[in-house]
Amino acid sequence: MGEAYIRKNGLLYSADSKTILGFDDNSDDFKGRVPFGPHFIDDEAFADCPHESVSLPDSIKVLGTALFSGSKNLKKVKLPSSITELAPYLFSGCESLVQVTMPNSITEFPEGLFYGCASLPEIPFRAGITSLPENVFAGCTALKSLVVPSGVKEIASSAVADCTALESLVLPSTIESVADDAFSGCTSLRNIRIDGESELFFVNEEDGCLYRHSDDGDVLVVRAYVVKNQDVQFFKDSVDDEPIEESEDEEEEDDDLFSAEIGASDAELEIVDMKNEVNNMSDENNLSSMLADVMDAEKERNSAAADVGVSAQEAAVLSEAMDVIEDSMVNSNSGVISTDEMSNLFSKSESEEMSTQKTEEQVNSPNVLDGKTKILIDSVDFSQILAFEPTGPSPEDTDLFVIAEKIITDAAGNKSFSKKLLACCDNFAKIHGFKRVILLAGLPLDNEEFMQFYFHYISRRNVIFACEAASPSKLSDYGKAVCEHSRISLDPAELKAQKEIATKRTDALIKLIIRDKYE
């Protein structure tokens, strides 16, 4: 470099201080926040960055190619709101990256933008994007659901290749071209949908695959890996099930029956013999809960586990607390959100992000709502908030969101959530230490901007979907859409893991399906 650079703030700058050339290996001053001032950052300047978080100032106008490439420790990046273009392979190989704050001015994703970002849970799409170029999301092995925004017309070769955890794909009706290998290696993909009518593509109902119309015959474009005639069981009422014939030696691992009282005491569980008495249990007894009796094997694991969230005393309280919970607050609105209001919800600057964090007053008061939660409540057809005063430590996120597929309307026209669902919310709150349960019904699925907001907001929140379906394969279109946008997986292994999370207090995020009854 000769003398064509200067050292300051732990970084190397050009002689005029307008361009960042890289790290100063002889200094430990740089801690991840670039000071305001420079306009450019050179290619690969932050490659192999050792920091977990990097924040770039709004003075930056241009980012170099492969700027953060190979930064295996990097988890969070705040990009400057002043940039209008992203460089190719900007985050390639950032295998720990989970969060990118990106300005709304971005209208195009370059080639290889998130290539090999193995931990990225979702894609921060921006309005105006019309294509997904080569390798843009390739190797994003944590990605489970991909909702390609309306306006995208082209998906290039290997754009989403080797996303091995990808289960659900929603394409817009604007799509015109999908490369034959765009989704190669996506071996978990099982649910493909087109949002609207497309003249060029269709999803075959028999095999679930995406095809392109052609004069020479329909052409397979994206394969769905479907296991036919296999209904995955999930939380449901055992009283509704057909009797299951099992040999005495057959393992009970696949028996998906759960406790009628979440966290019921061991004595109560010992009384219940699932194989002999489940069909004798009345609907009235089952109405107090959303779950069927806990499997014997799971009882043994729970009693032996150190992190079981329900003590014997708590279990006793739970067994008695099955009455309908009084409303702490009810909101029933169908408010309309303007485009300007909705656009403000995406990719805020760092100071704005800080201002949206929950204050201590908000955490401790059920009547104080942050702006985004209020938008959810104002946007749905019907809502209700239940407040609790949990004993013991509470989780980092003290809210539980419950999306109900249906509600009850009495003869007088009064709306309510089912008694069964409210009782189940009571149990979840006691087990997990939630201070507030927010019940919502009637998400506006036809509002694309709202659903994009919902997808990003709810992705890292505790959420339960309550429905009538007996299995994931019988979910309604509304139910499937809610699960996709709520990041609720229908994978058997994920459902099993959530089943275990539901019955003990842990720090794990709840993404659950339960079966409701509207009686």
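Note that this is a predicted model, so its numbers are computed, not measured.
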Note to self: Strictly below 4.0 Å, N to O, side chains only: are Arg212 and Asp218 in salt-bridge contact?
What the structure shows: no
[X] and [Y]: which non-hydrogen atoms are nearest, and at how many Å?
{"X": "Ile377", "Y": "Ser383", "value": "CG2-OG, 3.3 Å"}
{"X": "Ala508", "Y": "Asn462", "value": "O-OD1, 4.2 Å"}
{"X": "Ser92", "Y": "Gly112", "value": "CB-O, 4.2 Å"}
{"X": "Arg223", "Y": "Leu220", "value": "NH2-CD2, 3.4 Å"}
{"X": "Ile192", "Y": "Cys209", "value": "CD1-CA, 4.4 Å"}
{"X": "Gly208", "Y": "Val203", "value": "O-CG1, 3.7 Å"}

[X]: partners by side chain to side chain donor-acceptor pair (under 3.5 Å), with sequence neighbours left out:
{"X": "Ser486", "answer": "Tyr454"}
{"X": "Asp446", "answer": "none"}
{"X": "Lys374", "answer": "Asp378"}

* Could you walk me through whether Leu400 and Ile438 pass the side-chain contact (heavy atoms from CB on, under 4.5 Å) test, one step at a time? => CA-CA 6 Å; Leu400 170 66; Ile438 301 166; over 6 Å; no
Do the non-hydrogen side-chain atoms of [X] and [Y] ever get within less than 4.5 Å of each other?
{"X": "Phe401", "Y": "Val437", "value": "no"}
{"X": "Ser158", "Y": "Glu134", "value": "no"}
{"X": "Leu79", "Y": "Ile106", "value": "no"}
{"X": "Ile510", "Y": "Ile464", "value": "yes"}
{"X": "Val98", "Y": "Pro121", "value": "yes"}
{"X": "Leu509", "Y": "Lys511", "value": "yes"}
{"X": "Asn135", "Y": "Tyr89", "value": "yes"}
{"X": "Ile155", "Y": "Ser131", "value": "no"}

| message | Around atom CG of Asp410, are there more than 12 heavy atoms from other residues, nucleotides or ligands closer than 6.0 Å? | response | yes
**Item:** Other residues, nucleotides, ligands: >12 heavy atoms within 6.0 Å of Tyr115 OH
**Value:** no
Practice prompt. Please step through side-chain contact (heavy atoms from CB on, under 4.5 Å) for the pair Leu490 and Ile513, ending with a clear verdict.
Written response: CA-CA 9 Å; Leu490 304 184; Ile513 302 175; 3.2 Å; yes
If we ignore hydrogens and angles and just use 3.5 Å, is the side chain of [X] paired with the main-chain N or O of [Y] as donor and acceptor?
{"X": "Asn447", "Y": "Phe450", "value": "yes"}
{"X": "Ser198", "Y": "Phe201", "value": "yes"}
{"X": "Thr101", "Y": "Lys78", "value": "no"}
{"X": "Arg190", "Y": "Ala224", "value": "no"}
{"X": "Arg487", "Y": "Arg461", "value": "no"}
{"X": "Lys480", "Y": "Lys474", "value": "no"}
{"X": "Ser119", "Y": "Glu95", "value": "yes"}

Once ring-ring contact (aromatic ring centres under 6.0 Å, His included) is applied, do any residues pair with [X], and if so which ones, sequence neighbours excluded?
{"X": "Phe455", "answer": "none"}
{"X": "Tyr478", "answer": "none"}
{"X": "His432", "answer": "Phe434"}

When rounded to the nearest 0.5 angstrom, what is the spacing between [atom1] in [X] and [atom2] in [Y]?
{"X": "Ser416", "Y": "Leu422", "atom1": "OG", "atom2": "CG", "value": "7.5 Å"}
{"X": "Leu86", "Y": "Phe109", "atom1": "CG", "atom2": "CZ", "value": "7.0 Å"}
{"X": "Arg515", "Y": "Cys424", "atom1": "CZ", "atom2": "SG", "value": "14.0 Å"}
{"X": "Leu146", "Y": "Leu143", "atom1": "CG", "atom2": "CG", "value": "5.5 Å"}

Donor-acceptor list for residues 402-409 side chains, cut-off 3.5 Å, not counting sequence neighbours:
from   : atom 1 : to     : atom 2 : distance (Å)
Glu405 : OE2    : Ser476 : OG     : 2.4
Lys406 : NZ     : Glu468 : OE1    : 2.6

Salt bridge (Lys or Arg N to Asp or Glu O under 4.0 Å) filter on Asp181, not counting sequence neighbours, yields none
Expected list for residues 163-177: side-chain donor-acceptor pairs under 3.5 angstrom, two or more places apart:
from   : atom 1 : to     : atom 2 : distance (Å)
Glu167 : OE1    : Ser489 : OG     : 3.1
Glu167 : OE2    : Ser489 : OG     : 3.3
Ser168 : OG     : Glu484 : OE2    : 3.3
Thr174 : OG1    : Gly151 : N      : 3.0
Thr174 : OG1    : Val152 : O      : 2.9

Looking only at side-chain N and O atoms, does Asp516 offer a donor or acceptor that is under 3.5 Å from a partner on Ser418?
yes
Check whether the side chains of Thr373 and Tyr457 place a donor and an acceptor atom closer than 3.5 Å, and report yes or no. yes
Residue pairs meeting salt bridge (charged side-chain N to carboxylate O under 4.0 Å, His left out), one or both in residues 99-124, sequence neighbours left out, come to none
ring-ring contact (aromatic ring centres under 6.0 Å, His included) pairs touching residues 134-192, sequence neighbours excluded, are Phe125-Phe137
- Query: Do Ser150 and Asp195 pass the side-chain contact (heavy atoms from CB on, under 4.5 Å) test, and can you show the C-alpha distance, the side-chain angles, and the key distance before you say yes or no?
  - Reply: CA-CA 9 Å; Ser150 178; Asp195 188 11; over 6 Å; no
Can Cys467 and Leu475 be said to form a side-chain contact (heavy atoms from CB on, under 4.5 Å), step by step? CA-CA 8 Å; Cys467 60; Leu475 282 170; 3.7 Å; yes
Across all chains, not counting sequence neighbours, the side chain to side chain contact (heavy atoms under 4.5 Å, CB included) partners of Ala142 are none
